[in-house]
Amino acid sequence: MSLEREASGAGRRAAGAARPKGTTDFLPRSMAPDPGLFDSEQKSSVERLFRELARRYGFQEVITPTFEHAELFTRSAGASSDIVTKEMYSFTDRGGRTLVLRPEGTPGVIRAVLGAGVRLPVRLFYTGSFFRYSRPQKGRFREFHQLGVEALGEASPLADAEVIRLGQEFYSALGISDCTTAVNSIGCRICRPSFRDKLVGFLRQKQEELCDDCRRRIELNPLRVYDCKLETCQTALDKAPRPADHLCPECNAHFAAVLADLQRTSTAITVNKRLVRGLDYYSRTTFEYISGALGAQDSLGGGGRYDYLIEELGGPSEPAVGFALGLERTLYAASATRQVSAGRLPLVFVVWFSEDELTVARKLAEQLRQAQVAARVDYEAASPAVGNKMKQQMKTADAAAARLVVIVGPEEISRGVYSLKDLTTGEQTEVPAGESVVRIKQLLGTLQP
Ligand code: AMP
């Protein structure tokens with residue numbers, strides 16, 4: 001199934017139970033129509049990899065609510081950003097509070113840290129769902145998932161480079177070999193005002209060539225024009241002044257240090273002087289991870305430095321840098337390279353011959369679970385309505401993507417053995433009943449996932 005069909009909600013659906021537009025289901029691999037795309041096992045596996053990597057860089061997990069006070073985002077993402085003006089899912093609760101389903105993670109993390117009086121610097125990571133009301137299309141959903149890190153209280157350009165490197169390492173571990181990193185600097189409170197004036201002057205002259213949105217942005221937030229997706233606006237910007245060419249000496253030195261450190265370890269870095277990103281709070285470094293596998297929505301993830309946001313949200317004046325990576329787009333790019341291993345626990349299905357062996361089968365499943373082996377028994381096959389009980393259980397084992405079947409029959413019990421069948425290779429062996437748990441565990445250890 002293509003991302004496009006998923007995004008438009010036109011996938012297979014049960015009668016009367018259509019998915020809300022712009023949402024997606026993550027089914028177990030064995031049930032997913034197109035293995036590798038919306039696969040709950042791959043999602044968990046990618047999240048696990050991200051957690052491990054983030055911890056390796058000294059980040060600790062933070063979990064914040066899915067909805068927040070609307071003000072948190074109007075104060076942070078910027079009143080002129082598309083996310084705040086057009087895309088927020090906001091609602092009034094029964095107590096009359098204006099709440100929104102979080103469109104992004106950073107403000108909630110800062111709110112949590114400030115509320116708990118945590119001393120900076122801290123490094124935190126998160127995973128979760130986010131919500132933006134935009135037109136669903138390939139790689140763009142209304143509910144999507146992000147994996148993010150925030151290094152709060154770190155001013156060094158080496159922190160920018162380390163955060164960027166963490167994302168690169170994540171994509172490289174997933175085998176997304178065409179991932180490149182675009183980097184830019186958009187300056188600070190010192191150099192941005194004079195740059196802004198130059199840009200406004202330029203844009204006023206180009207008004208006729210800009211779209212309605214960009215014309216409004218000239219006075220409201222001229223840097224945003226760089227983010228416009230329309231080719232006509234991008235062409236109009238061809239000769240526009242670029243923020244990175246008008247940095248103050250401190251921002252220049254910072255940007256040079258970020259680039260020098262990145263070039264030490266990576267070749268897939270490009271400077272993109274048009275890169276401003278969709279949120280208003282960035283300062284100095286902005287960056288984006290790009291993959292050719294994605295088509296128009298080619299940004300896998302992105303982030304930057306946000307040295308004023310903590311203060312704007314009522315905290316101390318502390319610098320910070322972070323990123324958010326899109327999980328759906330990551331899965332899509334990774335499935336194109338077929339690198340995500342499901343990382344699932346192989347399931348053992350204990351099949352009984354007649355109800356006389358059901359108790360023995362149950363006991364074996366319980367012993368297997370105690371030994372950390374995933375095990376299941378089909379109780380539904382015991383129904384008088386089921387004629388061929390063995391056949392029914394094998395069907396269920398198949399649907400559950402079981403790796404191994406253990407057959408518990410009267411003939412086996414009388415000989416003190418169980419038969420094992422590898423459902424992938426079809427190979428069959430017998431093991432002594434008394435040693436079955438140990439032998440099954442050993443066998444699973446040698447099997448290919
Ligand atoms: P942002 O929070 O806008 O900086 O976006 C960071 C990343 O999140 C993007 O590069 C995308 O991979 C992902 N993302 C943002 N918005 C969406 C969306 N509507 N649907 C799917 N992924 C998204």
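Each ligand, and each atom within it, is numbered from 1 in the order the structure gives. Values below: all heavy atoms of this structure, side chains included; hydrogens, waters and symmetry mates excluded.
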At a non-hydrogen distance cut-off of under 4.0 Å, which region of Thr330 contacts ligand 1 (side chain, backbone, both, or neither)? neither

Is any NZ, NE, NH1 or NH2 atom of the basic residue among Glu143 and Arg132 found under 4.0 Å from an Asp or Glu carboxylate oxygen of the other? no

Among all protein heavy atoms, pick out the one at the shortest distance from atom 20 (N) of ligand 1; state its residue, atom name and that distance to 0.1 Å. Phe141 N, 2.8 Å

Would you call the rings of Phe144 and Phe130 parallel, tilted or perpendicular, taking 30° and 60° as the class edges? tilted

Residue, atom name and distance, where the atom is the protein heavy atom closest to atom 21 (C) of ligand 1: Gly139 O, 3.2 Å

Basic-acidic side-chain contact under 4.0 Å: Arg111, Glu68: yes

So is Ile83 polar-close to ligand 1, meaning N/O to N/O under 3.5 Å? no

Name the residue from Asn272, Ile164, Leu262 that meets the side-chain contact (heavy atoms from CB on, under 4.5 Å) definition with Thr181. Ile164

Numbered atoms of ligand 1 (with element) below 4.0 Å of Ala324, judged on heavy atoms: 6 (C), 7 (C)

Any luck finding a side-chain donor-acceptor pair between Gln234 and Tyr226 under 3.5 Å? no

To check your reading of the model: name the closest protein heavy atom to atom 12 (O) of ligand 1, its residue, and the distance in Å. Leu300 O, 2.9 Å

Does a salt bridge link Lys395 with Asp398, judged by any charged N lying under 4.0 Å from a carboxylate O? no

Can you tell me the protein heavy atom closest to atom 13 (C) of ligand 1 and the distance? Gly326 CA, 3.6 Å

Which protein non-hydrogen atom lies closest to atom 23 (C) of ligand 1, naming both residue and atom, and how far is it? Phe144 CD1, 3.5 Å

Over 60° means perpendicular and under 30° means parallel, so classify the ring planes of Phe195 and His246, tilted if in between. tilted

Starting from atom 5 (O) of ligand 1, locate the nearest protein heavy atom and write down its residue, its atom name and how far away it is, to 0.1 Å. Gln146 NE2, 3.5 Å

Salt-bridge test for Glu154 and Arg123: reply yes if a basic N is under 4.0 Å from a carboxylate O, no otherwise. yes

What protein heavy atom sits nearest atom 10 (O) of ligand 1, and how far away is it? Ser299 OG, 2.7 Å

Atom 3 (O) of ligand 1: of Lys138, Glu104, Arg132, Arg277, the nearest heavy atom sits on Arg132

Min N/O separation Gly301 to ligand 1 under 3.5 Å: yes

